[in-house]
Protein chains: 2
Amino acid sequence: MVDQIIDDETIEEMEQLLNVASDFTRLKILHALLSGEKNVGELIEIVGASQSLVSHQLQVLRNNRLVSVRKDKTRVYYRLDDEHINMLFEVVYAHVMEKRMKKEDY
Amino acid sequence: MVDQIIDDETIEEMEQLLNVASDFTRLKILHALLSGEKNVGELIEIVGASQSLVSHQLQVLRNNRLVSVRKDKTRVYYRLDDEHINMLFEVVYAHVMEKRMKKEDY
DNA sequence: GACAAATATGAATATACGTTCATATAATAT
DNA sequence: ATATTATATGAACGTATATTCATATTTGTC
């Protein structure tokens with residue numbers, strides 16, 4: 001399926017998505033959202049980063065449409081806007097685990 | 001499966017993998033290798049980047065064990081060292097395609 | 001050994017970006 | 001209206017890294 005020719009524009013878009021995903025703070029946010037929507041305060045708590053940092057990174061996730069927003073009074077709730085994020089997590093997680101195995105029997 | 005608690009060390013390793021994958025040149029190299037092993041000269045041709053750049057990026061892929069190496073006389077052949085790369089490609093590709101659909105009916 | 005071809009490596013540069021700090025905005029409550 | 005809570009935003013800084021240029025290394029051939 002993917003072992004066809006992929007044009008450069010598509011590769012660039014793939015690069016873009018992977019770039020957004022390849023940050024510790026954003027990964028923690030995405031992971032937190034796997035179990036359902038959370039507001040910013042909750043995310044700050046779970047991720048363990050500063051308010052400003054979490055807010056900035058949420059902006060990045062928003063701009064790239066990985067998350068969508070819902071406002072309720074003063075709270076802002078974020079949730080995953082993409083079913084593929086789950087699969088992305090699965091694949092990357094599986095990779096990391098396998099590499100860990102291989103390392104053990106060096 | 002992944003909607004469990006994932007410790008920070010694992011997240012860091014996921015970040016690391018995604019970082020390696022999130023580069024245009026490296027993505028093109030990985031994509032070229034999906035169809036089978038290639039030597040450096042062939043990769044330079046396919047990717048359309050300079051000899052130095054391809055060689056540098058191959059080093060990054062090597063260091064992170066995404067590719068493995070085989071030498072034959074003066075040629076060096078690279079191939080994917082991981083079955084998950086295929087799946088990673090599939091997932092990211094699917095994501096990009098879906099986002100493209102959604103954009104069309106803005 | 002000298003030379004050529006294939007690949008790797010090191011230094012230098014420029015740019016992108018993650019994080020912090022300070023401040024702004026928006027909504028609610030008193 | 002003021003104060004408070006929740007969230008967003010802008011500037012500044014430091015660091016990581018992609019790319020280029022020049023040079024080194026390795027292997028094979030003459």
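The separation between A:Gln16 atom CD and C:dC17 atom C1' is 12 Å, rounded to whole Å. Protein atom CG of A:Leu18 is 16 Å distant from nucleotide atom C1' of D:dA18, rounded to whole Å. Whole-Å rounding puts the B:Phe24 CZ to D:dA18 C1' distance at 13 Å. Atoms CD (A:Glu42) and P (D:dT5) sit 18 Å apart, rounded to a whole Å. For A:Asn64 and C:dA16, the CG to P distance is 16 Å, given to the nearest whole Å. Taking atom NZ of residue B:Lys28 and atom C1' of nucleotide D:dT19, one finds them 16 Å apart after rounding to whole Å. The CG-C1' distance, from A:Asp23 to D:dT17, rounds to 15 Å in whole Å. Residue B:Leu61 contributes atom CG, which lies 16 Å from atom P of C:dT7 at whole-angstrom precision.
At a threshold of 4.5 Å between non-hydrogen side-chain atoms, the residues A:Gln57 and A:Ile29 count as touching.
Summary of the strand contacts: B:Thr74 and B:Ser22 both lie near DNA chain D, and taking for each the nucleotide with the nearest heavy atom, the more 5' one is attributed to B:Ser22. Between A:Ser52 and A:Asn19, the residue anchored closer to the 5' end of DNA chain C is A:Asn19, taking for each the nucleotide with the nearest heavy atom. Annotation: of the two residues near DNA chain D, A:Lys71 and B:Thr25, the 5′-most nearest-nucleotide partner is A:Lys71.
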For this session: Apply the test side-chain contact (heavy atoms from CB on, under 4.5 Å) to residues A:Leu34 and A:His31: give CA-CA distance (whole Å), side-chain angles for both, the deciding distance (0.1 Å), then the verdict.
Result: CA-CA 5 Å; A:Leu34 281 179; A:His31 180 240; 3.8 Å; yes
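Within the nucleic acid shown, B:Tyr77 has no heavy atom closer than 4.0 Å to any nucleic acid atom. As judged by a 4.0 angstrom heavy-atom cut-off over every strand, A:Gln59 is placed among residues touching the sugar-phosphate backbone only.
Contact between the side-chain N/O atoms of A:Gln57 and the OP1/OP2 oxygens of C:dT19 is found at a separation under 4.0 Å. Taking only side-chain nitrogens and oxygens, B:Arg75 never comes nearer than 4.0 Å to OP1 or OP2 of C:dA5. For C:dC21, the OP1/OP2 oxygens have no side-chain nitrogen or oxygen of A:Gln51 closer than 4.0 Å.
When distances are taken from the side chain of B:Val40 to each of C:dT7, C:dT20, C:dT19, the shortest belongs to C:dT7. Distances from the side chain of B:Leu53 to the nucleotides C:dT20, D:dT20, D:dA8 place D:dT20 closest. Proximity note for B:Val76 (side chain, C-beta onward) versus C:dA8, C:dT20, D:dT19: the nearest is C:dA8.
The shortest non-hydrogen separation linking B:Asn19 to A:Ser22 is N-CB, 3.4 Å.
Remark: A:Glu13 does not engage B:Lys99 in a salt bridge, criterion side-chain N to carboxylate O under 4.0 Å. B:Asp8 and A:Lys28 are joined by a salt bridge, as a carboxylate oxygen and a charged side-chain nitrogen come within less than 4.0 angstrom of each other.
A distance cut-off of 5.5 Å between ring centres, combined with a plane angle under 30°, places A:His56 in a stacking arrangement with the base of D:dT9.
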